[in-house]
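In what follows, a single structure is set out as structure tokens and then discussed.
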Amino acid sequence: MNGSLTRLLINIDHVATLRNARREAFPDPAEAARLCEASGADGIVFHLREDRRHIQDHDVVRLKQVVRGKLDFELSTNEEMVSICCATNPDLATLVPERREEITTECGLDVIRHQTILSNTVARLRQAGIDDVALFVDPDPDQIRAVRDTGASAVELHTGDFANAAAGEEQLYEVQQLARAADVAHECGLTIHAGHGLDYNNYDLFARSVPHVCEVSIGFAIVARSVFVGLGAAVAEMAQLVKGHHVS
Ligand code: PXP
């Protein structure tokens with residue numbers, strides 16, 4: 001145990017999804033970001049998609065202005081997105097796969113297959129002054145070793161299969177895959193982030209089982225809970241859960 005607490009970064013894409021559903025100017029993702037930070041979040045995550053289905057370019061400008069903690073810009077290797085990310089200069093850039101027909105990000109990057117473009121993109125982001133670059137991958141040791149070879153500083157472990165697993169043996173199997181992947185990433189000298197599908201029910205098992213995770217990115221569960229209890233309370237509840245565990 002190194003004593004530090006896992007950081008909670010909140011993905012506010014779904015606030016923009018709600019706004020766009022009515023083509024209104026509210027709810028404002030930047031206002032949500034401010035409230036998340038005031039309620040215990042250590043930073044904010046957004047994904048600027050090529051189809052702009054939720055976060056818009058003007059949101060990126062506002063988020064850069066208002067976020068006081070860590071700002072994580074999720075993007076694909078698409079040229080336009082990389083240029084916007086470089087101009088924004090977030091604290092962290094996280095590269096993710098993107099398919100137009102998907103409802104949400106469905107799996108991690110195939111870093112082994114796309115090593116060249118990913119390495120080039122990592123280099124470009126770093127040259128633009130973004131020191132922290134993460135690659136989002138499934139908990140597969142070979143993919144994680146490939147992340148190290150791209151020059152990225154961090155890996156974000158895809159927790160979606162764990163989140164979707166049935167409670168019991170299946171869930172235990174998936175959490176063990178994540179724990180093994182985290183050990184490999186640690187041996188590779190990568191900083192370890194995690195996210196996708198983490199929620200109020202599965203977080204405790206995840207945090208007790210998976211070592212070295214210094215940052216989690218959680219969105220849907222928090223925004224969904226905010227419908228019933230308000231965003232501030234939903235964030236505070238999740239922050240309490242996340243801060244209840246030390247990084248081991
Ligand atoms: N990390 C990545 C790379 C993602 O694409 C997402 C979903 O946008 C998340 C974390 C957060 O997932 P969720 O909204 O299920 O908490």
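Note that the numbering runs from 1 along the sequence shown for the chain. Start at 1 and go down the list; that is how both ligands and their atoms are numbered.
T88 contributes no side-chain N or O that, together with a main-chain N or O of P90, makes up a donor-acceptor pair within less than 3.5 Å. Remark: side-chain polar atoms of Q56 are paired, donor with acceptor, to backbone N or O of H54 under 3.5 angstrom.
Every N/O-N/O distance between G195 and ligand 1 stays at or above 3.5 Å.
Taking 4.5 Å as the limit, some side-chain heavy atom of C214 sits within range of a side-chain heavy atom of T191.
Close approach of ligand 1 to N11 (heavy-atom distance below 4.0 Å) involves ligand atoms 8 (O).
Atom 16 (O) of ligand 1 has as its closest protein heavy atom G219 N, 2.8 Å. Nearest protein heavy-atom contact of atom 5 (O) of ligand 1 is T105 OG1, 3.0 Å. For atom 12 (O) of ligand 1, the nearest non-hydrogen atom of the protein is H196 CA, 3.3 Å. Given atom 14 (O) of ligand 1, the protein heavy atom at minimum distance is F220 N, 2.9 Å. For atom 1 (N) of ligand 1, the nearest protein heavy atom (residue, atom name, distance) is E156 OE2, 2.5 Å.
L63 CG to L48 CG: the interatomic distance, rounded to the nearest 0.5 Å, is 10.5 Å.
Residue E74 touches ligand 1 through its side chain alone, judged by heavy-atom distances below 4.0 Å.
Applying the side chain to side chain donor-acceptor pair (under 3.5 Å) test to R68 and every residue at least two apart in sequence or in another chain returns nothing.
Of the options G197, S217, A194, the smallest heavy-atom separation from atom 10 (C) of ligand 1 is shown by S217.
For residues 134-143, the side-chain hydrogen bond (donor to acceptor under 3.5 Å, both in side chains) pairs, not counting sequence neighbours, are D110-Q143, D138-H158, D142-R145.
We find that D28 and R34 are not joined by a salt bridge, their nearest charged nitrogen and carboxylate oxygen being 4.0 Å or further apart.
By the 4.0 Å heavy-atom criterion, V96 is counted among the residues contacting ligand 1.
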